[in-house]
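Below, all heavy atoms of this structure are taken into account, side chains as well, without hydrogens, waters or symmetry copies.
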Amino acid sequence: MVSRSYSNLLDLASGDAPTFGREKKRLPRVATVAGVLSELDDENNNSVGSDAPSSVSQERMIIVGNQLPVRAHQCSDGSGEWNFSWDEDSLLLQLKDGLGEDVEVIYIGCLKEEIDPKEQDNVSQTLLETFKCVPAFIPPELFSRFYHGFCKQHLWPLFHYMLPLSPDLGGRFDRSLWQAYVSVNKIFADKVMEVISPDDDFVWVHDYHLMVLPTFLRKRFNRVKLGFFLHSPFPSSEIYRTLPIRDELLRALLNSDLIGFHTFDYARHFLSCCSRMLGVSYQSKRGYIGLEYYGRTVSIKILPVGIHIGQLQSVLNLPETEAKVVELRDQFRGQTVMLGVDDMDIFKGISLKLLAMEQLLLQHPAKRGKVVLVQIANPARGRGKDVQEVQCETHATVRRINETFGRPGYTPVVLIDTSLQFYERIAYYVIAECCLVTAVRDGMNLIPYEYIICRQGNEKLDMALGLDSSAEKKSMLVVSEFIGCSPSLSGAIRVNPWNIDAVAEAMDSALRVSGG
């Protein structure tokens, strides 16, 4: 039976659907996303490999992600000029500090803001000269189909164990969205080719938005040093095998030299998929895991992402942070604060956390008036019916709890669903006695790590809170067993977020430990 998958990515990227035949094809030296590499020849039928001249003597790392780690601001004086600054919250930017000062880093990605085509050349020049960033300008309609369509409707839900069981629940697979996904990956590949020196540079591709990018780069530069890191979970083979383009994505990832995952479970699922769907088995020697794929060894690494402690400590030392801590101390005086920090999406379990808070107040009337849950809900990254449903359910549950248990001077649940400055979020960490992470599925989740560092505080913050710096501080974490960081937090209370009673009981235990 002939596969319905596209067999030529370049045809797909250009919008031309190929015809399907039954003729036999010889095995390629390197497999492509959807078929054979010999079909992806350029105009001159030549692949540019390591023979390309190199003028780079310093080691370079090209980091490719969906978004550049910069913020763009358009001047309000009517000139229309753009100003740019580093996005200190970006993980891609923080990666730079771990590479060493002798490594030059170039970033490739999109900007959050839409840039007029007439200004794109000037913006590109500014970003390259000032920030060593290469922007990929994607037409708005294509970007919407790529990001909000394929990434957020198909990959994101599936990788978080949500199957599209009905048109209203996830939606049916749309091959035109897959075509848009491949087309955008091709644009990113072109941007990499503009700056790469294939003999010297390392290319590091990040996350599920760019899973077929390794194929385009491997075709163009056969000996490119290429790594890929997945920031989301990788689902079990029973879930992943439902994806219509399952083989194409696996083959694309195997065109990398190294594939990194947060946890061993995610790597194990990937290896199982390669074995069951491609017949590619792995070998493990002295802790190293590798797959032999068309004459190359693809390494699998467990590379859990962490937090930038230096950045957190510098923000803790800011006067704005101290002022915010004092403000929050006065606002919640005489009350014990529990904190939740999550994106407003269907997998973060915000509504489950709220139901557990409601259960806690029902079962422990003595805690009414004394315990407050502050839920910071970051604006949703995606859009669609599921996001709207989460927002409606969250607001309705908060309103019901506050109407039932609230009284003058006491609001049981404080919902913050607007963007906060980084120092403001840090201040909430500092004053919270307990942090709750009840996601039903998450790749890693760095909130617990940030909370641990921020609760240590410093002398100024201890003085503002009236604490003895030499005294032992008591704080607790309640974390879902379905998030990547859970196994590393041996002192936390692990819960099944779907079990409302168990989460409420964990909240009560955490409050007793912290003295709340």
Side-chain angles (χ1 to χ4, degrees), residues 233 262-263 265 304-309 311-313 315-316 325 328 332 335-343 347-357 359-360 364 367 370-378 413-414 416 420 422 425-458 461-462 465 467 471-516:
H262 282 304
T263 71
D265 282 345
V305 73
I307 59 174
H308 197 307
I309 295 178
Q311 181 195 37
L312 286 173
Q313 290 175 336
V315 175
L316 284 169
V325 167
L328 295 176
F332 298 109
Q335 297 174 338
T336 300
V337 176
M338 296 190 296
L339 179 66
V341 181
D342 307 277
D343 292 341
F347 300 112
K348 293 300 187 288
I350 295 177
S351 58
L352 299 175
K353 186 187 309 178
L354 295 173
L355 292 174
M357 177 65 178
Q359 189 81 341
L360 176 72
H364 304 277
K367 296 193 182 298
K370 298 178 181 179
V371 176
V372 175
L373 171 62
V374 176
Q375 176 62 55
I376 298 174
N378 303 317
V413 179
V414 177
I416 303 171
L420 291 179
F422 189 39
R425 194 174 87 211
I426 296 299
Y428 278 102
Y429 286 143
V430 171
I431 61 103
E433 298 288 340
C434 175
C435 183
L436 310 169
V437 182
T438 57
V440 298
R441 188 74 60 176
D442 210 348
M444 193 64 182
N445 200 306
L446 302 178
I447 298 302
Y449 299 144
E450 292 181 349
Y451 175 71
I452 290 169
I453 297 301
C454 293
R455 277 296 286 175
Q456 295 176 17
N458 56 41
L461 295 177
D462 289 344
L465 292 171
L467 300 175
E472 188 181 44
K473 295 177 183 176
K474 294 182 179 179
S475 306
M476 278 304 296
L477 278 167
V478 176
V479 298
S480 164
E481 61 190 52
F482 299 113
I483 62 177
C485 69
S486 176
S488 68
L489 299 167
S490 58
I493 302 175
R494 292 193 188 89
V495 294
N496 174 1
W498 301 101
N499 188 336
I500 304 301
D501 291 331
V503 177
E505 184 179 336
M507 287 180 174
D508 181 50
S509 299
L511 290 169
R512 280 189 272 113
V513 170
S514 61

Within the side chain of [X], is there an N or O that forms a donor-acceptor pair under 3.5 Å with the backbone of [Y]?
X: Ser480; Y: Ala439; answer: yes
X: Arg425; Y: Leu420; answer: no
X: Ser486; Y: Ile483; answer: no
X: Arg455; Y: Ala432; answer: yes
X: Thr438; Y: Gly349; answer: yes
X: Tyr449; Y: His308; answer: no
X: Tyr428; Y: Ile376; answer: no

With sequence neighbours excluded, tell me which residues meet side chain to side chain donor-acceptor pair (under 3.5 Å) with [X].
X: Gln359; result: Asp501
X: Asp342; result: Lys353, Gln375
X: Arg441; result: none
X: Thr263; result: none

Any idea which heavy atoms bring [X] and [Y] closest together, and the distance?
X: Lys348; Y: Asp442; value: CE-OD2, 3.4 Å
X: Ala356; Y: Met507; value: CB-CE, 3.9 Å
X: Ala504; Y: Leu360; value: O-CD1, 3.7 Å
X: Leu316; Y: Asn458; value: O-ND2, 3.3 Å
X: Leu352; Y: Pro497; value: CD1-O, 3.5 Å
X: Asp462; Y: Lys473; value: OD1-NZ, 2.8 Å

Note to self: Assess the residue pair Ile416 and Val414 against the criterion (side-chain contact (heavy atoms from CB on, under 4.5 Å)); give the C-alpha distance rounded to whole Å, side-chain angles, the decisive distance to 0.1 Å, and a yes or no.
What the structure shows: CA-CA 6 Å; Ile416 303 171; Val414 177; 4.3 Å; yes
Next item on the list: Take Leu312 and Cys454, measure what side-chain contact (heavy atoms from CB on, under 4.5 Å) needs, and give me the verdict at the end.
Entry: CA-CA 7 Å; Leu312 286 173; Cys454 293; 4.2 Å; yes
Checklist line | Asp508: partners by salt bridge (Lys or Arg N to Asp or Glu O under 4.0 Å), with sequence neighbours left out | finding: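 Result, salt bridge (Lys or Arg N to Asp or Glu O under 4.0 Å) vs Asp508: Lys367, Arg512.
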Next item on the list: Apply side-chain contact (heavy atoms from CB on, under 4.5 Å) to the pair Leu511 and Glu433, showing each step before the final yes or no.
Entry: CA-CA 8 Å; Leu511 290 169; Glu433 298 288 340; 5.6 Å; no
Any side-chain heavy atom of [X] within less than 4.5 Å of one from [Y]?
X: Val513; Y: Ile493; answer: no
X: Phe482; Y: Phe347; answer: no
X: Val430; Y: Leu465; answer: yes

I need the [X] [atom1] to [Y] [atom2] distance, nearest 0.5 Å.
X: Ser514; Y: Lys474; atom1: OG; atom2: NZ; answer: 9.0 Å
X: Leu461; Y: Ile431; atom1: CG; atom2: CD1; answer: 12.0 Å
X: Tyr451; Y: Leu436; atom1: OH; atom2: CG; answer: 9.0 Å
X: Leu446; Y: Ile307; atom1: CG; atom2: CD1; answer: 7.0 Å

Check: Looking at Ile447, Val479, Val478, Val337, which hits side chain to side chain contact (heavy atoms under 4.5 Å, CB included) with Cys435?
Finding: Ile447
Note to self: As a quick check of understanding, evaluate side-chain contact (heavy atoms from CB on, under 4.5 Å) for Val341 and Tyr429, giving each step before the final call.
What the structure shows: CA-CA 9 Å; Val341 181; Tyr429 286 143; 4.1 Å; yes
Margin query: Within a 6.0 Å radius of atom CD on Gln311, are there more than 12 heavy atoms belonging to other residues, nucleotides or ligands?
Written below: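 Result for CD/Gln311: enclosed.
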Checklist line | Residue Lys370 excluded, over 12 heavy atoms near NZ under 6.0 Å | finding: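 Open.
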Next item on the list: Just jot down the side chain to side chain contact (heavy atoms under 4.5 Å, CB included) partners of Ile452, sequence neighbours excluded, or say none.
Entry: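 With neighbours one apart ignored, the set is Gln456, Leu477, Leu489.
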